[in-house]
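Below is one structure, written out as structure tokens; the observations come after it.
The basis for the numbers below is simple: all heavy atoms, side chains too, and nothing from hydrogens, waters or symmetry mates.
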Amino acid sequence: MLTFVHFFEQIKQMKDYDFEAIESKWRERWKANGTYRTEEVSEKEKLYVLDMFPYPSGAGLHVGHPLGYIASDIYSRYKKLNGYNVLHPMGYDSFGLPAEQYAIQTGQHPAITTEQNINRYREQLDLIGFSYDWSRQVKTSDPSYYKWTQWIFLKLFDSWYNNTTDKAEKIETLVAEFEKNGNQEVEAVNACEEIFDASTWKGFNEKKQQEILLDYRLTYISNSVVNWCPELGTVLANDEVKDGVSERGGYPVEQREMRQWSMRIGAYSERLLQGLETLDWTDSLKEIQRNWIGKSVGASVHFDIDGNENQLEIFTTRPDTIFGATFMVLAPEHELVNELTSTDQKEEVEQYIIRTKTRTERDRLSDVKTVSGAFTGSYAIHPFTGEKIPIWIADYVLAGYGTGAVMAVPSGDQRDWDFANHFGLEIPAVIEGTDVSQGANDDKTGVLINSSFLDGLKVKDAIKRILFEIEKKGIGERQTNYKMRDAVFSRQRYWGEPVPMYFKDGVPYPVAEKDLPVILPEVDKYLPTEDGEPPLGRAENWAYQPEGDSNSYPLELNTMPGWAGSSWYFMRYMDPDNTDEFVSKDKLNYWKNVDVYLGGAEHATGHLLYFRFWTKVLHDLGYVSFDEPAKKLINQGMILAEDGQKMSKRYGNVVNPDDIIKSFGADSLRLHEMFLGPIEQHKPWNTKGIEGVHRFLKKYWRMVHNSNNEFSVTEETPTKEEYKALHKAIKKVGEDNNRFSFNTSVSTFMVAVNELIDLKCNKREIIEGLTILLNPHCPYITEEIWEKLGHSDSIVNTQWPEFNEEYLIESNFSYPVSFNGKMRFKLELPLALSKEEVENKVLGNEQSAKYLEGKSPKKVIVVPGRIVNVVV
RNA sequence: GCCGAAGUGGCGGAACUGGUAGACGCGCUGGAUUCAAAAUCCAGUUCCUUCUGGGAGUGCGGGUUCGAUUCCCGCCUUCGGUACCA
């Protein structure tokens, strides 16, 4: 009998806070009532809070993935309670390699696996209780979505970058100019080496004209050296290669020349750089982008070549050191190498070129210390001294940067110094005080020597002077270079957006807009064809018949890279079902750009650059009013496994949120993830710690339930202390939420609940306020208690409580009294006292005598309401 | 090498503009309750110490200040980015 009673006791206690019942109840209600439907264009102020959408992998979510989602969800809910119309959507970056690799192995269509993974993700996300408006979901692999990705591609194809207006313009304006004046006057970012006048242009045949235009278009096809990954069977963008291996999979990458689509992101280097100044992103992330863009200001100088009509164009950031140039170095791939190589040196040079070619990117990276090179046998003429300076080739000069040639100043550049030192070339000092026996001096300070008319000038002034002289002589000009290369846009893959282009006479033409989307065709296998064509080469009837043309033409076989769909998805959420436009003007004008964007810092040189780039292009073309996609960016840190390692299947240390939710509930999971530490920081998961926040929720539950677990609040007017406890929390939580400091807001909740429990408070007014404060962090339990408090409308439609300063005003303050900066004791004094009165009270206090040791104090600092410090 | 961020108890972390270092939580110790356990509650918990007290203490060494985790200078360590970019 006794045990029987105990058994019931236990059941009752277990049911205390029945998170499972509460959470499933509200999940259903929220869904049925469309609680999280976002208002369309409204009178309210808008706020756009966005998470980086996930690639739905087969492994599902682990406990680290939702960290940022929880933070943005809390912020969204908090802002909604404060009267904003909040757009907080979610979707899937659903094209990508893993689904395709799986398809290759199993024959399963990637669309099927992707769909399964998405469903699994959705189930997991739904458990956590996010306030996403799922009616706005986007999937990049959905034809209704990628139709517009293809459309934007066509817009880029149909544009050129006008340096005079400093923006992208429609290609027709360029054609008009060609027809009027040729390209002589055009200031454009381009790769066209030909100069022609109007009549020449008109004389070109269609093919030639198209080829020339391709040199100007923002997206273009060209033969370029690319990162080819044989293992993945595709090319990779620079940001997808780390340390000479592929970021995904870690497979070797080699350089190969291929015909590829690229995007002229280089046209936007300066604006991408300048735009950073206007963004509220972390300094470290902005710095990563700055370095990646890699601006350097200098000059290009043409050197005559002894006995040769060509000139050698070099780029230097230190034109002032030109008198210290004792040799020239060309990249082994430089176009003049052949011509400049003398018969004597031919063998050595060829040997060297073969050697550098066979070295992989990786070897080259791992072996930067070894100095190597070969003399061509030719000499350049120094433009100011007329001296002959030998021309070498060496692989420390990169073909892809600047002009692929440098003037070597061994006293001013360590690489040149190493080279000169190794081959026994001269190293004359050109900056006063340089010890050339030790190494180069690359300081931009000091005074020039051995430099003719520059002698005695400071570096800064010498640069100005030499630029003037160079330009006067007509042998060069000021020039700015950027490290960032154009982005390769082709992937030899199946599971991506088809490029909406077809080929006629070897020239690419756009598919008509009305024929979009170009639907990804079915193929028998997801592998390259026998001829080494991409998988789309297996598709039947992969051709396009333009309107009014009786022929059909082969479509492009490459697909777009992973970053295509993610470069504009934030706009589609505003108007996901629009079939006429990528997004309507009205909606774009209301929602504008993202106010807060949450995601990992690993996308710094990839997605986050590309999505700024596309936004700027769409801005230039008049489609969007803003030219930066996200005003504020927060990089959430990683949650590591309990062992401090990365959470990964490989280490067997993955914690699944579903399990945590089963044992503690989603509210506990949410609170715990926030309580772990600052959002931007990496921090280890701690399963034990979740009991702390779970205990807190139980305490909160018991505040408003009696020992029989019956809901119980009183209607009494709260005391001053109770108001104080609540209003302290209103103030602090509001401040914390605004600055994404959710770990401290959780601790504020705990303090408030502890205080109110000490006060035995279950008064309606206080409980209601507290419940609203808690709601963004733990939506389920607060919704339940809100209902029990007698509200028929969801808590998400209520208002954040107003903070009233009066409840915090105190008449006394317990002063910490320090002697020589050490806190010794506390003394409670009225806040109304003047500094003098405080000083007198403190010195008159018996405890002070001990620390004064009979001496009289030198000085007493009184900061009213803060501290007293006595200097002895 | 260069650039950036960060170093606080046994652990995660707090201290927002220079003003009581260690909030809050985990863990640990002791106690109450219980036949017992779970759950819950109470007390303690930076280190040293000659313990109604005293001393040290926010990576290390200096400095500014009545007062420094916070500001300045120099170093060390960890993490991230980048890597012959002329």
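By the ring-ring contact (aromatic ring centres under 6.0 Å, His included) test, A/F419 pairs with A/F327, A/W392, A/Y396, A/F423, sequence neighbours left out. Legend: residues meeting ring-ring contact (aromatic ring centres under 6.0 Å, His included) with A/F303, ordered by chain and number and at least two apart, are absent. Residues passing the side-chain contact (heavy atoms from CB on, under 4.5 Å) test with A/T282, sequence neighbours excluded: A/S284, A/L285, A/N635. Shown here are the ring-ring contact (aromatic ring centres under 6.0 Å, His included) partners of A/H777, two or more places apart in sequence or in another chain: A/F742, A/F749. Under the side-chain contact (heavy atoms from CB on, under 4.5 Å) criterion, A/I353 pairs with A/P332, A/V337, A/V349, A/I393, not counting sequence neighbours.
Contacts between residues 742-751 of chain A and RNA chain B, counted as heavy-atom distances below 4.0 Å, involve A/N743, A/T744, A/S747, A/M750, A/V751.
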*For RNA chain B, what string of dots and brackets results from 5' to 3' when Watson-Crick and G-U pairs need both distances under 3.5 Å, crossing pairs get [ ], and pairs with another strand get |?*
(((((((..(((......[....)))((((((.......))))))((((...))))..(((((..]....))))))))))))....
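Contacts classified as side chain to side chain donor-acceptor pair (under 3.5 Å) and involving residues 404-414 of chain A (residues at least two apart or in different chains) are given here: A/D413-A/R415, A/Q414-A/D418. Within the structure, no pair that satisfies the salt bridge (Lys or Arg N to Asp or Glu O under 4.0 Å) test touches residues 857-869 of chain A, not counting sequence neighbours.
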*Do nucleotides 6-12 of chain B as a string where each nucleotide becomes B, S or -: B if the base has a protein heavy atom under 4.0 Å, S if just the sugar-phosphate does, - if no protein is that close.*
------B
*Would you mind building the protein contact string for nucleotides 51-68 of chain B? One character per nucleotide, 5' to 3', B for base within reach (heavy atoms under 4.0 Å), S for sugar-phosphate only, - for untouched.*
---SS----------BS-
Mind listing the side-chain donor-acceptor pairs of residues 315-323 of chain A below 3.5 Å, one per line with the distance, residues two or more places apart or on another chain?
from   : atom 1 : to     : atom 2 : distance (Å)
A/T316 : OG1    : A/R318 : N      : 2.9
A/R318 : NE     : A/D320 : OD1    : 3.0
A/R318 : NE     : A/D320 : OD2    : 3.4
A/R318 : NH1    : A/D443 : O      : 3.4
A/R318 : NH2    : A/D320 : OD2    : 3.0
A/T321 : OG1    : A/R318 : O      : 2.8

